[in-house]
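Some notes on the structure that comes next.
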Amino acid sequence: MITCNSDGTLAELARAHPDRVHLLVLPDDTNDQGLAMTSSCTSMVVASQALAHLDRMDAFVHQTDRTAEIGETVLAKHPDAVDALMSGDVRRAFFLGNNDLYGAATESALKVQELTAGQILAGAEDTLAFRHGPISAVDAHSLVVFYLSARSHTRRYELDVVRQYQDAFEELGASIAVVAPQRPEIEETDHLSVFAYDAEGAVPALQQTNVAVLIGQLAGLFAAYRRGVNVDEPSVEKALCNRTVQGVQIYDPSGACAEDSGEHR
């Protein structure tokens, strides 16, 4: 069980069953104080990846250190460009990725919609499947973000989608962002921005989502600021989204009903 909240119900349940559960509590700094989970998300992803490398942990730690350095470079190099990307009249955001990058796309869409309190409607989709219906929702107020794979074979198909629709998106007035491990053979324009984060190929495909998702999280942050939303409590006025899950019943297989868990997400 992996959690960032040492005092949460998950941690308490794990401690109550040491014979059945191994508890991993991450450092307090990863337990976000604001509504949206950012550092906790990436930290728990890395922790879960570590479980697949228990027999070669030294190599994994070395690789993760390199990935973290590249992540720090992204946070130092790209904020202004991401801020500018969110400065327009963006009302819809589509994040596209394949395999594990679909997870990064899902996390990014969640953060953009959550941090702007729904002022931007966001969704995630498989890059190739986007052409089969979801693409019809793109309009002049849309941002389409392509997360390109570190796997060269997969990336060729993803770039085909970018090239196929680039002119049509620009004609509509939509904005495009391409997030890639290496700079792709595609020219930047007034409507298309490229965020390359790993020129030396140091990040393996397994960990590419850890870096790529930072762009989506930054997009949500700056979009919220530009719309005057409190990023720590973006939904405070609507009172619809809470830091802890509320109103959820835990049902016992025997038919009994436990109390509302109030568990931190």
Side-chain angles (χ1 to χ4, degrees), residues 34-38 40-42 44-45 78 81-149 154-155 157-166 168-180 191-195 208-227 229 231 234-235 238 240-242 245 265:
L35 174 69
M37 304 292 99
T38 51
S40 64
C41 171
T42 47
M44 287 190 287
V45 168
H78 293 305
V82 177
D83 184 24
L85 190 67
M86 306 310 297
S87 64
D89 189 17
V90 178
R91 302 177 191 173
R92 304 177 183 179
F94 303 90
F95 292 87
L96 313 180
N98 292 299
N99 299 315
D100 50 342
L101 283 175
Y102 176 69
T106 302
E107 165 66 7
S108 299
L110 171 64
K111 290 299 172 281
V112 168
Q113 184 163 296
E114 185 178 33
L115 285 170
T116 61
Q119 292 188 43
I120 296 180
L121 297 180
E125 190 59 72
D126 176 279
T127 305
L128 304 185
F130 188 61
R131 294 177 290 191
H132 298 281
I135 196 172
S136 61
V138 176
D139 62 10
H141 305 291
S142 297
L143 167 66
V144 183
V145 181
F146 291 87
Y147 285 135
L148 301 190
S149 176
T154 302
R155 190 165 61 246
Y157 287 98
E158 295 166 338
L159 281 171
D160 281 349
V161 179
V162 178
R163 296 188 180 104
Q164 180 179 1
Y165 290 101
Q166 179 181 354
F169 287 165
E170 293 188 0
E171 186 174 341
L172 281 172
S175 299
I176 307 168
V178 178
V179 182
H191 288 268
L192 189 151
S193 303
V194 176
F195 299 91
Q208 62 185 330
T209 187
N210 305 352
V211 178
V213 75
L214 296 176
I215 298 296
Q217 292 179 340
L218 286 173
L221 175 68
F222 290 122
Y225 277 139
R226 287 188 171 274
R227 286 155 181 79
V229 179
V231 295
S235 295
K238 293 182 179 179
L240 294 176
C241 188
N242 301 288
V245 177
R265 285 183 303 151

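Keep in mind it's a predicted model, so treat the numbers as computed, not measured.
- To the nearest 0.5 Å, atom OG1 of residue T116 and atom CG of residue L221 are 11.5 Å apart.
- If you run side chain to side chain contact (heavy atoms under 4.5 Å, CB included) between I176 and each of V194, L192, L85, only L192 comes through.
- Nearest approach of S108 to Y147, heavy atoms of both residues: OG-OH, 2.7 Å.
- To the nearest 0.5 Å, atom OG1 of residue T127 and atom CG of residue L101 are 8.0 Å apart.
- Formation of a donor-acceptor pair under 3.5 Å by the R91 side chain with backbone atoms of Q119 is not found in this model.
- How far CG of L96 is from CG of L128: 9.5 Å, rounded to the nearest 0.5 Å.
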- Query: Can you list the steps and then say if V90 with R227 is a side chain to side chain contact (heavy atoms under 4.5 Å, CB included)?
  - Reply: CA-CA 11 Å; V90 178; R227 286 155 181 79; 3.9 Å; yes

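- No side-chain donor from either of Y157 and S149 sits under 3.5 Å from a side-chain acceptor of the other.
- A heavy-atom distance below 4.5 Å is not found between the side chains of F195 and V178.
- Considering all non-hydrogen atoms of both residues, A109 and A122 come closest at O-CB, 3.3 Å.
- Between P134 and F94, the closest side-chain pair of non-hydrogen atoms is not below 4.5 Å.
- Taken to the nearest 0.5 Å, the OG1 atom of T38 stands 8.0 Å off from the CD atom of E107.
- With respect to the salt-bridge test (charged N to carboxylate O, under 4.0 angstrom), the residues D83 and R226 qualify.
- A donor-acceptor distance shorter than 3.5 angstrom exists from the side chain of D139 to the backbone of H141, with no hydrogens or angles considered.
- For the pair E158 and N98, the minimum side-chain heavy-atom distance is below 4.5 Å.
- With rounding to the nearest 0.5 angstrom, the CZ atom of F169 is 10.5 Å from the CG atom of L143.
- Counting only heavy atoms from C-beta outward, the side chains of V179 and I215 approach each other to under 4.5 Å.
- Side chain of T106 to backbone of A124: no donor-acceptor contact under 3.5 angstrom is found.
- A distance-only check finds a donor-acceptor pair linking the side chain of K111 to the backbone of M37 [under 3.5 Å].
- Side chains of R131 and Q164: a donor-acceptor N/O pair is present below 3.5 angstrom, by distance only.
- Residue S142 comes nearest to A137 through the heavy atom pair OG-O, 4.0 Å, listed as atom of the first residue, atom of the second, then distance.
- In terms of heavy atoms, V213 sits closest to A104 at CG2-O, 3.9 Å.
- Ring planes of Y225 and F222: tilted class, angle from 30 to 60°.
- Inter-residue side-chain proximity for V231 and E114 is flagged as unmet; no heavy-atom pair is nearer than 4.5 Å.
- Across every non-hydrogen atom of A219 and M86, the tightest pair is O-CG, 3.6 Å.
- In plain terms, the two heavy atoms of A105 and G97 that are nearest each other are CB-N, 4.1 Å.
- Put simply, the side chain of E125 never gets that close to the backbone of F95: no donor and acceptor are under 3.5 Å apart.
- Looking only at side-chain heavy atoms (C-beta outward), Q217 and V112 stay at 4.5 Å or farther from each other.
- A 4.5 Å side-chain heavy-atom check between L159 and R163 finds at least one atom pair inside the cut-off.
- D100 places none of its side-chain heavy atoms less than 4.5 Å from the side chain of Y102.
- Here the OG atom belonging to S175 is positioned 14.0 Å from the CZ atom belonging to R92, to the nearest 0.5 angstrom.
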